[in-house]
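Structure, as structure tokens:
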Amino acid sequence: MRLARQQRQRKVLLTVRYDADIIAAFRAEGPGWQTRMNAALRSWLAAKGKV
């Protein structure tokens, strides 16, 4: 089961720049901020019909 999950949800390591206030807002929510940021981006894309 673990292998199947890893194959479905591959992560890509990259460097990207965001406005400081955006990062501060996500970090202020505590641990897991990167996961929440990913979820927010995924939700936005889903609303556009992209994922």
Inset, instruction - Group every Ile, Leu, Val, Met, Phe, Trp and Tyr by side-chain heavy-atom contacts under 4.5 Å, then state whether Trp44 and Val12 land in the same group. - result: no

Legend entry - Contact summary for Trp33 and Phe26, nearest pair of heavy atoms: CB-O, 3.1 Å

Inset, instruction - Mark yes when over 12 heavy atoms from residues, nucleotides or ligands other than Arg36 sit less than 6.0 Å from its CZ; otherwise mark no. - result: yes

Inset, instruction - Please report the closest heavy-atom contact between Val51 and Arg42, naming both atoms and the distance. - result: CG2-O, 3.8 Å

Legend entry - Val16 reachable from Leu45 in the ILVMFWY side-chain graph, under 4.5 Å edges: no

Legend entry - Shared hydrophobic cluster for Leu41 and Leu13 (ILVMFWY, side-chain gaps under 4.5 Å): no

Inset, instruction - Supply the atom-to-atom distance Met37 CE to Ile22 CD1, rounded to the nearest 0.5 angstrom. - result: 7.0 Å

